[in-house]
Amino acid sequence: MTTTTVYANMLAKFEADRLDDERLRRIVEAGSLSEALKMLGDYGYPSGDGSVDGFVVAATNELIGFVSENAASESVKNALLAPFVYNNVKLAYKSRFVQTPDAYYDCGTDNEGIARGVYDELENSIAATLEKLDDENERAPQKIDFALTAAMYKYVLGCGVKSVRNMFAAEIDFKNMLTAARMIRLGISGDEFLDGGRIKKSTLENVTADEFAESFERTPYAETAARIAENGFSELWRAERDADEFLLLVTEPLCESIGGYEPFLHYYIKTRVELKKIKTALVCVKTNARAEFYKRVAIK
């Protein structure tokens with residue numbers, strides 16, 4: 001089912017802002033994981049199964065349900081749900097030869113069928129990628145992840161909605177820039193860059209440590225690139241945080257008409273970023289590493 005963009009955006013704005021900095025601070029200062037999860041329940045989040053991963057899956061399923069029921073376009077809905085579908089496909093495919101976590105999302109995939117090599121119910125591009133992996137007898141988890149991630153981005157960029165394409169293209173650019181930074185840090189090279197971003201692959205493949213900041217100087221990611229270089233290509237989680245903030249800015253609803261897709265996309269990105277912060281908080285509570293939370297998550 002799809003709705004009008006105005007109605008979808010109004011619903012998204014109504015659902016937003018369950019978690020402010022004060023509530024996040026209370027969660028990370030909770031005395032135990034169960035206490036933190038109870039707080040989240042009081043704030044309107046699903047309870048999950050009492051574990052960190054259980055909470056993340058339950059809360060993500062809530063987002064999946066909201067997008068499925070309220071997206072104003074079938075193509076937008078399919079694009080926004082694609083990361084969760086591909087998550088399931090990756091886990092199911094790799095479950096044939098490695099132990100994978102039970103972290104499947106509720107987005108209609110036949111996980112047991114995929115594990116057996118049955119791809120009939122999958123979208124054509126996903127099925128074709130899996131068949132190619134079968135033909136190559138690929139068993140390296142990293143290569144499987146890359147192949148399926150590349151296929152996912154190719155699919156979502158074909159959705160035909162400019163604002164959605166812009167959002168995912170920016171996500172690709174950040175992933176590619178981080179890949180380039182990791183390769184420099186490790187002293188390796190390789191063809192592990194995703195297609196579909198705005199940064200040329202030739203730039204990514206030839207960038208060096210000395211010219212890293214300069215290589216991205218005329219892109220929207222210049223500040224992040226400069227910080228990566230200044231930090232000596234360490235603590236790349238800071239760049240991942242920059243990516244989240246950039247995507248929130250790209251979809252900022254206050255700058256767009258209520259009749260566009262941006263407010264809905266902003267809610268989608270904001271919820272995913274919010275769940276990352278909550279997961280970090282819960283892990284830090286569970287491991288009694290609360291100081292690490294304040295280092296990694298910027299709150300007032």
Side-chain angles (χ1 to χ4, degrees), residues 16-17 19-21 24-25 28 56 60 63 80 83 145-146 149 152-153 156-157 163-186 192-201 203-256 262-263 265-281 283-284 289 291-300:
D17 299 325
L19 192 72
D20 57 19
D21 284 350
L24 191 55
R25 185 179 289 104
V28 81
V56 173
T60 303
L63 173 61
L80 297 187
D145 285 347
F146 180 80
T149 299
M152 186 272 288
Y153 279 118
V156 298
L157 290 174
S163 53
V164 174
R165 292 201 309 270
N166 288 342
M167 180 183 75
F168 282 114
E171 192 170 278
I172 290 168
D173 282 336
F174 268 102
K175 286 182 180 295
N176 282 341
M177 186 167 62
L178 282 166
T179 296
R182 291 189 181 99
M183 287 181 175
I184 289 172
R185 185 180 65 187
L186 296 172
E192 297 181 12
F193 299 107
L194 298 162
D195 291 320
R198 306 296 166 81
I199 301 173
K200 294 180 180 179
K201 290 184 79 172
T203 299
L204 296 160
E205 291 167 348
N206 297 315
V207 67
T208 64
D210 292 339
E211 299 177 350
F212 193 84
E214 182 181 344
S215 297
F216 300 98
E217 199 169 43
R218 297 186 180 182
T219 73
Y221 324 110
E223 290 185 13
T224 297
R227 280 194 289 271
I228 289 173
E230 288 170 3
N231 289 335
F233 300 90
S234 63
E235 297 187 330
L236 293 180
W237 54 265
R238 295 183 186 275
E240 293 175 358
R241 188 173 68 189
D242 285 353
D244 291 338
E245 292 174 356
F246 186 86
L247 292 175
L248 287 170
L249 185 62
V250 166
T251 58
E252 176 57 58
L254 297 178
C255 302
E256 301 293 339
E262 285 80 3
L265 299 181
H266 186 77
Y267 167 76
Y268 170 84
I269 291 294
K270 187 172 184 178
T271 302
R272 294 189 68 179
V273 171
E274 186 177 88
L275 292 181
K276 286 183 187 178
K277 291 181 179 180
I278 295 174
K279 181 177 181 179
T280 302
V283 170
C284 289
E292 186 67 18
F293 173 83
Y294 292 110
K295 176 182 175 183
R296 290 179 173 268
V297 178
I299 63 174
K300 298 176 181 177

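In this structure, R185 contributes its side chain and S234 its backbone to no donor-acceptor pair below 3.5 Å. Between the side chain of Y153 and the backbone N or O of L194, no donor-acceptor pair lies under 3.5 Å.
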Mind running side-chain contact (heavy atoms from CB on, under 4.5 Å) on M183 and T179 for me, showing each step along the way? CA-CA 6 Å; M183 287 181 175; T179 296; 3.8 Å; yes
L265 and V164: side-chain contact (heavy atoms from CB on, under 4.5 Å), yes or no, with the steps? CA-CA 8 Å; L265 299 181; V164 174; 3.9 Å; yes
What do the steps show when you test F212 against M177 for side-chain contact (heavy atoms from CB on, under 4.5 Å), and what is the final call? CA-CA 10 Å; F212 193 84; M177 186 167 62; 3.8 Å; yes
Check the pair E235, K295 against salt bridge (Lys or Arg N to Asp or Glu O under 4.0 Å), reporting the backbone distance first and the verdict last. CA-CA 11 Å; E235 297 187 330; K295 176 182 175 183; 3.5 Å; yes
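Nearest heavy atoms, I172 versus G197: CG2-N, 3.6 Å. When every heavy atom of R198 is checked against every heavy atom of R165, the shortest pair comes out as NH2-O, 4.4 Å. Considering every non-hydrogen atom in both M167 and L247, the closest pair reads O-CD2, 3.4 Å. Pairing each heavy atom of A239 with each of T224, the nearest pair is CB-CG2, 3.8 Å. In plain terms, the two heavy atoms of Y221 and A170 that are nearest each other are OH-CA, 3.7 Å. Between I278 and L19, the shortest heavy-atom distance links the atoms CG1-CD2, 3.5 Å.
Enclosure of atom NZ in K201 by more than 12 non-hydrogen atoms of other residues, nucleotides or ligands within 6.0 angstrom is indicated. Crowding of E245 atom CD: a count of heavy atoms from other residues, nucleotides or ligands under 6.0 Å exceeding 12.
Looking at E240 and R296, no side-chain N of the basic residue comes within less than 4.0 Å of a carboxylate O on the acidic one, giving no salt bridge.
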